[in-house]
Amino acid sequence: MNIETFREYCLALGDVEEKLPFAKMAGGDTVLAFYVNGRTFCYCDIDDFRTVIVKCQPERIPKLLENTEGICPPDNHFNAKYWIGLEVQVIEAELLKALVANSYEIVRAKYKK
């Protein structure tokens, strides 16, 4: 999957905004974030599209990390209790989409308008 296909998928989830929230920070000008109800559910780097960071249910994370190729802990800026990394070139495209949609639903349900 490439960045444009991924971006289109995220935007198609419904009521999604995209922003470059760290554009004024050194090295943050390529971090794209997707929002639902004003809250972030997904991050990726548009210039280095190797990993996507998404929210996940804390109880699912240990099993996913242990048993699923292409799922890794998020980088240091994210709480590993609630976020996971998805290695775009390793994880199956359908699982990547399912986990992005799961993240979207977690945030949408928690922060209803």
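No experiment lies behind these values; they were computed from the predicted model shown.
- Criterion: ILVMFWY side-chain heavy atoms under 4.5 Å apart, direct or through other members. Under it, L20 and F22 are not part of a common hydrophobic cluster.
- Among residue pairs with one or both ends in residues 81-107, those qualifying as side chain to side chain donor-acceptor pair (under 3.5 Å) are Q57-N102, E105-R108; sequence neighbours excluded.
- Residues F78 and L65 do not share a hydrophobic cluster, clusters being chains of Ile/Leu/Val/Met/Phe/Trp/Tyr side chains in contact below 4.5 Å.
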### Query
Step by step, would you call C42 with V52 a side chain to side chain contact (heavy atoms under 4.5 Å, CB included)?
CA-CA 7 Å; C42 180; V52 172; 3.4 Å; yes
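- I106 and V36 fall into different hydrophobic clusters, where Ile, Leu, Val, Met, Phe, Trp and Tyr residues are linked whenever their side-chain heavy atoms come under 4.5 Å apart, directly or through other members.
- Counting heavy atoms from C-beta outward, C44 and I53 have side chains that stay 4.5 Å or more apart.
- Counting heavy atoms from C-beta on, the side chains of V88 and T51 never come closer than 4.5 Å.
- In this structure, Y43 has its ring center no closer than 6.0 Å to that of F34.
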### Task
Take D48 and T30, measure what side chain to side chain contact (heavy atoms under 4.5 Å, CB included) needs, and give me the verdict at the end.
CA-CA 8 Å; D48 185 15; T30 61; over 6 Å; no
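- Counting heavy atoms from C-beta on, the side chains of L96 and Y9 never come closer than 4.5 Å.
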### Query
Is there a side chain to side chain contact (heavy atoms under 4.5 Å, CB included) between I46 and V31 once you walk through the steps?
CA-CA 6 Å; I46 57 176; V31 177; over 6 Å; no
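- Within 6.0 Å of atom CD in E69, 12 or fewer heavy atoms from other residues, nucleotides or ligands are found, so the atom counts as exposed in its surroundings.
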### Query
Does the pair R7 and E4 meet the rule for a salt bridge (Lys or Arg N to Asp or Glu O under 4.0 Å), with working shown?
CA-CA 5 Å; R7 185 177 159 271; E4 282 305 318; 3.5 Å; yes
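- In this structure, the side chains of K55 and F41 stay at 4.5 Å or more apart for every pair of heavy atoms.
- Hydrophobic cluster membership for Y35: none, as no Ile, Leu, Val, Met, Phe, Trp or Tyr side chain comes under 4.5 Å of it.
- Residues V100 and V90 fall into different hydrophobic clusters, defined by Ile, Leu, Val, Met, Phe, Trp and Tyr side chains chained together at heavy-atom separations under 4.5 Å.
- A donor-acceptor pair under 3.5 Å links the side-chain atoms of D45 to the main chain of D47, judged by distance alone.
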### Task
Could you please spell out the steps behind the side chain to side chain contact (heavy atoms under 4.5 Å, CB included) verdict for I61 and I71?
CA-CA 9 Å; I61 292 174; I71 296 182; over 6 Å; no
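- Counting heavy atoms from C-beta on, the side chains of I84 and L64 come closer than 4.5 Å.
- Separating the CD1 atom in I3 from the CZ atom in F49 is a distance of 4.5 Å, to the nearest 0.5 Å.
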